[in-house]
Engineer: 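Below is one structure. I have some questions about it.
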Amino acid sequence: MKKKPIQTMAVIAGLIFFCGATVAAADPGHDIRLGREALTQEHPDLALSYFRKARDEINRHPDKYHDDQLAALSGLGYAALWVGNSHEAENAYSKGITIAHSPEDQKTMRVGLARALINLGRPREAYDILKPVRSMGADPQLQSAIASALLSWDTIAWKHLDLAAPHGVYPGPQWQVQLFRQTSDFVYYPLHDRINVGYQYSSDSDHNINQIYQAGVTIPGVGLGDNSLSPTMWYAGFRQTQINDSDGQIGLSTLEGGWSAPINTNWNYSILGGVSTARNWTFGRLAGQLNYQPSDSWGLNLSFDRQPIRTVTAVENKILVNTVSLGGFGRLRNIGTVGAAYFHQAFSDGNQRDGVVVRVTPEFYSFSSLPISVGVQGYFRALRQIEWVGGRMLWSGRALNWS
C-alpha cells in the first residue's frame, strides 16, 4: 500500500514525459528549426527530412499550424533544390506563392520556383514567374539572366547581369557569387567576337571514313533580326572534308558564310551558304532553319539543306541531296518530351527518300528520398526510298531503327 503512491506518481510522470515527447515530435515549428540548423551545417538531406515532417504535420492540422506553413515550404524547396529534387522543389514553391502575402515572401518563393523550373528545362516559364519581383534585388536579376541566356536572349541576359551587380561585384552568398561568375562567362561568350576551330571524325560499317577540319570566325552584329533580344551572329569560315572508303579517297574544300538571328521572342532563324570544290566539280551549298517556340511546352521547326553525298563514288558522280524537314516537339509537364520530324530527300540522280524520326525523352525523375535522377531517350526512324533504275521506279523497302 505504501508503494502505490510512488508507483502512481511514476506512471503519471511517464505519461507526462511521453506526451511531452509526442508533442515535441509533432511540433512543425521545432522541425523547421532543426531543418534550418541542418542547412547551416550543410546537411541538406537531413534538413529535407525535417521540412517534410513539418509539412506533413501542417497538412494534417492546417488551421492549427497555419503560421508555420510558409516557412516549411520555403525550407523544403531550398533543401530539395540542394539535393537535386527539382520536382519536389517546384511543388513546394508553387504552393508557397499562393499563400505568400508580403513582397519579400513572394520574392523568396518566386526565385526558388524559377530555380526549379530552370533545372527542369522550362526557362521561359521561369523568366515569366520572376516578372513581379524582378526589380527586388540581385537574386531575381541573376535568375532572370540565367533563364534568358538559356533562351538565347543574350542581350537581355547581359542587362540582367548588370542590374544584379552594377559594379561587377555580386552582393550575395558565395555560392551565388560563383553562379554569377559562371553565368557571366556563359553570356560573355556569344556577345563577343570568337574564332571557331573544329575537327570531326566519323566511320561506318562500310569503312567509309569522314574527317572534317573547320576554322572560322563569328562576329556579333546588328541587322536582320531583333537585336534587343540578341545580336545577329555573322559567320565566315573554311571547311576541308577528307573522305576515305574502299573506292579510294577524295577531298572537299568549302568556303562558307551566313548568319543567325532572333525575329522575336518566338521565332529565330539561321542561314548558311557556301561554295565547294572537289577535283573538277564546283557546286553551291545551302542550309537554313526556321524555329518557332512560343513556350517551354511545344515548338516547331522547318529546315532545308543541300550538300553532297560524302562517299568517294558519289562525289565522283557529282551526286547532291536536297533535304527538307518539318518537325516539332511537345512536352508533357513532369513526364517528358516527344519530338517528331518528317523529312524528304531528293537526290540529283533522280532517287528520292521519305522518312520519319521520333524521339521520346522522359523527364528526369527525382527520387524523393535520394539525390538521384534518372532518364532515358528513345529514337525511332522509318525510311521509304524510291530508286530509279533504267527508267523504272523501284521501292527499296522500309528500315526501322530503335536505340
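Computed from heavy atoms alone, side chains included, the values below leave out hydrogens, waters and symmetry copies. Nothing here was measured: the structure is a model prediction, and the numbers come from that model.
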Engineer: Got a sec, which residues hit salt bridge (Lys or Arg N to Asp or Glu O under 4.0 Å) with Arg122, two or more places apart in sequence or on another chain?
Structural biologist: Glu90, Glu125
Engineer: If you define the side chain from C-beta out and look only at heavy atoms, does anything of Ile250 sit under 4.5 Å from Arg279?
Structural biologist: yes
Engineer: Between Leu179 and Arg181, is any pair of side-chain heavy atoms under 4.5 Å apart?
Structural biologist: no
Engineer: Would you kindly say whether Ser94 and Asn91 are connected by a side-chain donor-acceptor distance under 3.5 Å?
Structural biologist: no
Engineer: Would you call the rings of Tyr78 and Trp82 parallel, tilted or perpendicular, taking 30° and 60° as the class edges?
Structural biologist: perpendicular
Engineer: With a 4.5 Å heavy-atom cut-off, do Leu300 and Trp298 have their side chains touching?
Structural biologist: yes
Engineer: Are Tyr269 and Trp267 close enough that their ring centres sit under 6.0 Å apart?
Structural biologist: no
Engineer: His160 and Tyr127: aromatic ring centres closer than 6.0 Å?
Structural biologist: yes
Engineer: For the residue pair Trp158 and His192, categorise the inter-ring angle as parallel (less than 30°), tilted (30 to 60°) or perpendicular (more than 60°).
Structural biologist: perpendicular
Engineer: If we ignore angles and hydrogens, is there a donor and acceptor under 3.5 Å between the side chains of Asp247 and Thr313?
Structural biologist: yes
Engineer: Step through the shown structure and confirm whether more than 12 heavy atoms of other residues, nucleotides or ligands are within 6.0 Å of CZ on Arg134.
Structural biologist: yes
Engineer: With Glu104, which residues qualify under salt bridge (Lys or Arg N to Asp or Glu O under 4.0 Å), at least two apart?
Structural biologist: Lys107
Engineer: Determine whether Arg55 and Tyr50 make a side-chain contact, defined as any pair of heavy atoms from C-beta on separated by less than 4.5 Å.
Structural biologist: no
Engineer: Please walk me through it: do Tyr189 and Asp154 pass side-chain hydrogen bond (donor to acceptor under 3.5 Å, both in side chains)?
Structural biologist: CA-CA 10 Å; Tyr189 178 75; Asp154 299 309; over 6 Å; no
Engineer: Do Asn291 and Asn268 have side-chain N/O donor and acceptor atoms under 3.5 Å apart?
Structural biologist: yes
